[in-house]
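The structure displayed is predicted, hence computed values, not measured ones. Computation of the quantities below employed the complete heavy-atom set of this structure, encompassing side-chain atoms and omitting hydrogens, waters and symmetry-equivalent molecules. Index from 1, following the sequence.
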Amino acid sequence: MPLNWDQVLKRYTEHPYIITIARKKEHPVAKVTETALIIDLPGRDQSVSRKKLESAVKLIESGHKIRSVEDYRKMVADERPSYALAILHDLGYI
């Protein structure tokens with residue numbers, strides 16, 4: 001099933017935080033736009049692109065295993081892989 005951005009919007013509006021998998025650290029989600037999910041970090045915001053998350057979901061659905069930050073970096077992008085992995089985990093893709 002492709003990434004449902006309405007589900008992403010609902011999830012992070014109702015529960016505005018992510019928990020990273022490796023360090024089990026909680027980070028607030030500042031907002032979800034049509035193009036990205038914005039993570040509120042001390043001193044700066046970081047975004048996780050909708051396009052990159054959609055690419056990851058397509059890979060997962062086609063049988064690729066994205067189990068680690070390194071897998072995400074290699075197969076999708078070196079764009080906030082720890083946060084992207086946490087989001088994919090939250091949404092039940094990994």
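With sequence neighbours left out, the side chain to side chain donor-acceptor pair (under 3.5 Å) criterion links Arg80 to Gln46. Glu79 meets the side chain to side chain donor-acceptor pair (under 3.5 Å) test with no other residue; sequence neighbours excluded. Residues that satisfy the side chain to side chain contact (heavy atoms under 4.5 Å, CB included) test with Ala84, not counting sequence neighbours, are Val48, Leu53, Tyr72. Residues that satisfy the side chain to side chain donor-acceptor pair (under 3.5 Å) test with Lys10, not counting sequence neighbours, are Glu14. Arg67 is linked by a salt bridge (charged side-chain N to carboxylate O under 4.0 Å, His left out) to nothing, counting only residues two or more places apart in sequence or in another chain. Contacts of Tyr12 classified as side chain to side chain donor-acceptor pair (under 3.5 Å), with partners at least two apart in sequence or in another chain: Asp90. For Lys58, there are no side chain to side chain contact (heavy atoms under 4.5 Å, CB included) partners, not counting sequence neighbours. With sequence neighbours left out, Asp6 forms a salt bridge (charged side-chain N to carboxylate O under 4.0 Å, His left out) with no residue at all.
For residues 18-32, the set of pairs meeting the side-chain hydrogen bond (donor to acceptor under 3.5 Å, both in side chains) definition, not counting sequence neighbours, is empty. For residues 37-50, the salt bridge (Lys or Arg N to Asp or Glu O under 4.0 Å) pairs, not counting sequence neighbours, are Glu34-Arg50, Arg50-Glu54. Contacts classified as ring pair (Phe, Tyr, Trp, His ring centres under 6.0 Å) and involving residues 37-67 (residues at least two apart or in different chains) are not found.
In plain terms, the two heavy atoms of Leu59 and Met75 that are nearest each other are CD1-O, 3.4 Å. Between Ala56 and Ile66, the shortest heavy-atom contact is O-CD1, 3.9 Å. Across all their heavy atoms, Ala36 and Ser47 have their closest contact at CB-CB, 4.0 Å.
In this structure, Tyr83 OH and Ile39 CD1 are separated by 7.5 Å, a value rounded to the nearest 0.5 Å. A distance of 10.0 Å separates CZ of Arg11 from CD of Gln7, quoted to the nearest 0.5 Å. Put simply, CG on Leu91 and CD1 on Ile18 are 10.5 Å apart, with the number rounded to the nearest 0.5 Å. Atoms CG and CZ, from Asp78 and Arg73 in turn, are 5.0 Å apart once rounded to the nearest 0.5 Å.
Side-chain contact between Leu85 and Asp71 is absent, with no heavy-atom pair separated by less than 4.5 Å.
Ile19 shares a hydrophobic cluster with Tyr17; the chain of contacts runs through ILVMFWY side chains whose heavy atoms sit under 4.5 Å apart.
No chain of hydrophobic side-chain contacts below 4.5 Å, direct or via other Ile, Leu, Val, Met, Phe, Trp or Tyr residues, connects Ile38 to Trp5.
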